[in-house]
Amino acid sequence: MWLGLRLSRQLTGRRLQSAAVITRMGINTTAQGPFNWVAGQRCQPVDNVGEFDNVSPRTGKLFCRIPASGKMEVDRAVATARSAFPGWAAMSGMERGRLLTKAAAIMRENLEDIARLDVNDNGKPIWEARADMESVIACLEYYGGLAPAIVGYHCKLPGGSWGTASREPLGVVGGVGAWNYPLQTCTWKVGPALACGNTFIYKPSPLAPLAAVVLGEVLQQAGVPDGVYNVVQGEGETGALLSSHQGCDKLSFTGSVPTGAKIMAAGAKGIKNVTLELGGKSPLIIFDDANLKNAVKGALMANFLTQGEVCSNGTRIFVQRGVYEEFLKEFVKQAKQMKIGDPMNDDTTVGGTISEDHAKKVLGYIESARSEGATVACGGERVIVGGDCASGWYLSPAVLTDCTDGMKAVKEEIFGAVAAVLVFDTEEEALERANNTDFGLAAGVFTKDVTRAHRVVNKLEAGTTYINTFNLAPAELPFGGYKMSGIGRENGLAAIEHYTQYKTVYVEMNDVDCGPLYQED
């Protein structure tokens with residue numbers, strides 16, 4: 001899950017003067033609190049139930065300590081969003097869209113500072129963080145432009161009667177986001193929700209919690225009324241309080257399958273509308289007629305962006321036997337050439353893994369593969385980066401060969417820079433093996449045969465599929481999965497379905513005809 005913009009555009013983005021931007025726009029992109037955002041201001045939770053450490057993946061050192069929100073603070077945030085809802089919903093789509101578009105412009109003016117905050121909070125290379133900010137801007141622009149067109153329809157009925165079906169907002173939305181794309185996963189929910197007239201309470205991941213508060217400041221600068229967007233910080237307990245709150249009318253979550261199941265259960269108790277974007281173990285199929293240079297590029301994008309911490313990653317690379325050795329040689333060569341270093345440097349291509357615990361989990365999967373007979377063709381080791389980054393957990397991109405489909409590292413989502421390269425002979429074999437998974441978030445195919453490409457993607461059991469590319473997610477197209485990879489869609493027109501409900505109005509233009517129920521005297 002990445003972006004829908006060409007990399008060449010991202011790498012030439014202008015730099016901004018940080019202090020000047022912060023002073024002019026009032027946007028705080030430092031690690032200074034408070035870290036909640038309720039009723040249009042940064043604030044401390046009214047019931048601090050403890051603090052958690054926000055350790056920077058870049059440095060491996062404490063970035064800041066953040067108070068966790070308890071029941072009283074969640075209640076306050078929900079009540080604030082509920083109070084703001086009538087006024088926000090009463091605005092026209094044009095009015096709401098204009099504010100979202102303005103927010104996109106403010107985000108662009110502060111792009112460099114927010115991207116650098118993201119690097120410290122998340123660990124990804126700065127050029128990727130800039131690209132993420134471009135995708136955030138695109139989302140706000142897209143739904144800002146779409147907002148005036150979020151309408152229902154009119155229908156003529158027999159006898160001159162008529163009816164309307166109008167789209168109305170759901171109400172108050174509770175959202176819980178992920179740490180791999182902190183602001184992107186937030187905006188993919190907030191953008192369509194606000195465009196439709198809903199209000200929002202967002203709980204970021206405790207591993208990357210800072211950017212969501214900055215979004216509050218951006219929206220306020222754009223003129224979005226106070227209380228329309230709110231942020232409560234916390235760990236699992238806070239997320240459970242929000243997802244089970246009876247004041248929320250809809251829930252949206254991005255993250256792991258186990259947590260998604262809990263949020264779905266919480267939504268079921270209140271019969272709430274729930275959307276889930278969960279994990280994946282996506283296949284990437286490379287046929288022997290593919291442009292191998294492009295296939296290698298696609299495989300790199302499918303595995304090694306954001307330290308491999310991407311839910312849609314194509315970590316099962318199926319390569320047809322005729323080009324297997326040639327592909328593997330170039331893929332391993334490129335993986336070895338990736339530069340591990342300070343993610344603030346423009347030439348770094350591998351940043352810091354989100355946490356020590358997660359890095360050890362990734363390394364554990366590599367050891368598991370080795371113990372089951374796989375060969376580690378390259379990578380899979382911790383690399384010590386000097387200077388400020390010496391305590392961070394930097395892992396070299398790993399390529400596994402001699403794998404079988406039943407290996408743990410091939411079956412389970414690792415959420416790290418670990419690619420398994422597998423050989424196949426026939427199209428039918430590749431499809432059967434590709435679909436043999438509980439997940440269905442993404443899938444891709446590389447081939448010069450357009451007929452084959454369409455035939456294969458039509459049979460792949462995945463919600464987001466690619467032909468001759470991978471891991472692009474433009475705001476204009478729906479993103480989501482099949483099977484255990486989730487329910488519902490984010491982005492595109494499809495997201496509007498998850499943040500609105502229809503109200504039908506039947507207008508009778510004649511005397512009521514109730515048949516024999518009514519008898520004239």
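All of these numbers come straight from a predicted model, not from anything done at the bench.
Judged by distance alone, with hydrogens and angles left aside, the side-chain atoms of Ser205 form a donor-acceptor pair with the main-chain N or O of Leu207 at under 3.5 Å. Arg316 places a side-chain N or O within 3.5 Å of a backbone atom of Lys281 that can act as its donor or acceptor partner. Distance alone, capped at 3.5 Å, is enough to place a donor-acceptor pair between the Thr353 side chain and the Trp393 backbone. The backbone N or O of Asn491 lies less than 3.5 Å from no partner atom in the side chain of Tyr142, so there is not a single donor-acceptor pair. With hydrogens and angles disregarded, no donor-acceptor distance shorter than 3.5 Å links the side chain of Glu309 to the backbone of Phe415. A donor-acceptor pair under 3.5 Å is formed between the side chain of Gln233 and the backbone N or O of Pro209. No side-chain donor-acceptor contact under 3.5 Å links Arg58 to the backbone of Asn120. Looking only at distances, a side-chain donor or acceptor of Asn110 sits under 3.5 Å from a matching main-chain atom of Ile106. With Trp127 contributing its side chain and Thr349 its backbone, the two residues share no donor-acceptor pair below 3.5 Å. The closest donor-acceptor contact from the side chain of His498 to the backbone of Lys250 lies at 3.5 Å or more, if one exists at all.
Ion pairing of Asp438 with Lys483 is absent here, as no side-chain N (NZ or NE/NH1/NH2) approaches a carboxylate O to less than 4.0 Å. Ion pairing of Arg433 with Asp405 is present here, as a side-chain N (NZ or NE/NH1/NH2) and a carboxylate O approach within less than 4.0 Å. For the pair Arg130 and Glu112, the salt-bridge criterion is met [side-chain N within less than 4.0 Å of a carboxylate O]. Salt bridge annotation for Glu134-Arg108: present, with a cationic side-chain nitrogen under 4.0 angstrom from a carboxylate oxygen.
In this model, a donor atom of one side chain and an acceptor atom of the other lie less than 3.5 Å apart for Asp289 and Thr447. Using a 3.5 Å distance cut-off with no hydrogens or angles, the side chains of Gln334 and Glu330 do pair a donor with an acceptor. With no hydrogens or angles considered, a side-chain donor-acceptor pair links Ser135 and Gln184 at under 3.5 Å. Side chain to side chain, Asp121 and Asn54 meet the donor-acceptor criterion of an N or O pair below 3.5 Å. A donor-acceptor pair shorter than 3.5 Å can be found between the side chains of Tyr365 and Glu412. Using modelled atom types and a 3.5 Å distance limit, the side chains of Tyr502 and Arg167 yield a donor-acceptor pair. Side-chain N/O atoms of Asn313 and Asn471 include a donor and acceptor closer than 3.5 Å. Looking at Ser256 and Thr259, their side chains do bring a donor and an acceptor atom within 3.5 Å of each other.
The two residues Ala335 and Phe304 make their nearest non-hydrogen contact at CB-CE1, 3.9 Å. Nearest heavy-atom pair across Glu277 and Cys311 is OE2-SG, 3.3 Å. Of all non-hydrogen atoms in Phe470 and Ala443, the two that sit nearest each other are CE1-C, 3.7 Å. The two atoms that bring Thr464 and Pro478 nearest to each other are OG1-O, 4.3 Å, heavy atoms only. Shortest non-hydrogen contact noted between Ser485 and Gly279 is OG-O, 2.6 Å. Considering every non-hydrogen atom in both Cys196 and Pro169, the closest pair reads O-CB, 3.3 Å.
Expressed to the nearest 0.5 Å, how far CZ of Phe446 lies from OG1 of Thr469 amounts to 5.5 Å. Distance check, rounded to the nearest 0.5 Å: OG1 of Thr500 to CG of Leu170 gives 6.5 Å. The CZ atom of Arg96 sits 12.5 Å away from the OG1 atom of Thr101 when rounded to the nearest 0.5 Å. Summarising the geometry, atom CD belonging to Glu427 is positioned 13.0 Å from atom CD belonging to Glu432; distances are rounded to the nearest 0.5 Å. Residue Met301 holds its CE atom at 10.5 Å from CG of Asn294, rounded to the nearest 0.5 Å.
Other residues, nucleotides and ligands contribute at most 12 non-hydrogen atoms within 6.0 Å of the CE atom of Met264. Counting heavy atoms of neighbouring residues, nucleotides and ligands inside a 6.0 Å radius, atom CD of Glu429 exceeds 12 of them.
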Start with the C-alpha gap between Leu111 and Met107, add the side-chain angles, then the distance that decides, and say whether side-chain contact (heavy atoms from CB on, under 4.5 Å) holds.
-> CA-CA 6 Å; Leu111 185 150; Met107 187 73 69; over 6 Å; no
Derivation and outcome, side-chain contact (heavy atoms from CB on, under 4.5 Å), residues Leu219 and Leu194 | CA-CA 11 Å; Leu219 291 171; Leu194 267 58; 4.2 Å; yes
Does the ring pair (Phe, Tyr, Trp, His ring centres under 6.0 Å) test come out yes or no for Phe479 and Trp188, once each step is laid out?
-> CA-CA 10 Å; Phe479 181 87; Trp188 281 12; 5.6 Å; yes
I would like to know whether Leu117 and Val214 meet side-chain contact (heavy atoms from CB on, under 4.5 Å); could you show each step before the answer?
-> CA-CA 10 Å; Leu117 174 67; Val214 176; 3.8 Å; yes
Check against side-chain contact (heavy atoms from CB on, under 4.5 Å), Glu490 and Ser252 = CA-CA 10 Å; Glu490 296 189 307; Ser252 179; 3.8 Å; yes
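A cation-pi arrangement is present between Lys124 and Tyr181, with the terminal nitrogen or guanidinium carbon under 6.0 Å from the aromatic centre and inside a 45° cone about the axis. Figure legend: cation-pi geometry between Lys189 and Phe200 absent, as NZ or CZ is not positioned both under 6.0 Å from the six-membered ring centre and within 45° of its axis. Seen from the ring of Phe287, Arg452 counts as a face-on cation partner, given the 6.0 Å and 45° thresholds.
Taking the ring-ring contact (aromatic ring centres under 6.0 Å, His included) definition, one finds that Tyr324 meets it with nothing, sequence neighbours left out. With sequence neighbours excluded, the residues satisfying side-chain contact (heavy atoms from CB on, under 4.5 Å) with Glu326 are Leu292.
Pro57 has its side chain out of reach of Glu356: every pair of non-hydrogen atoms, C-beta onward, lies at least 4.5 Å apart. Residues Leu422 and Val319 are not in side-chain contact: their nearest non-hydrogen atoms beyond the backbone lie 4.5 Å or more apart. At least one side-chain heavy atom of Leu305 sits under 4.5 Å from a side-chain heavy atom of Glu128. Looking at heavy atoms from C-beta onward, Leu395 lies in side-chain contact with Leu363 at the 4.5 angstrom threshold. Annotation: side chain of Gln320 is not in contact with side chain of Phe327 (no heavy-atom distance under 4.5 Å). Using a 4.5 Å heavy-atom threshold, the side chains of Thr29 and Arg116 count as separate. Looking at Leu251 and Asn273, their side chains never come closer than 4.5 Å, going by heavy atoms from C-beta outward. A 4.5 Å side-chain heavy-atom check between Arg455 and Thr451 finds at least one atom pair inside the cut-off.
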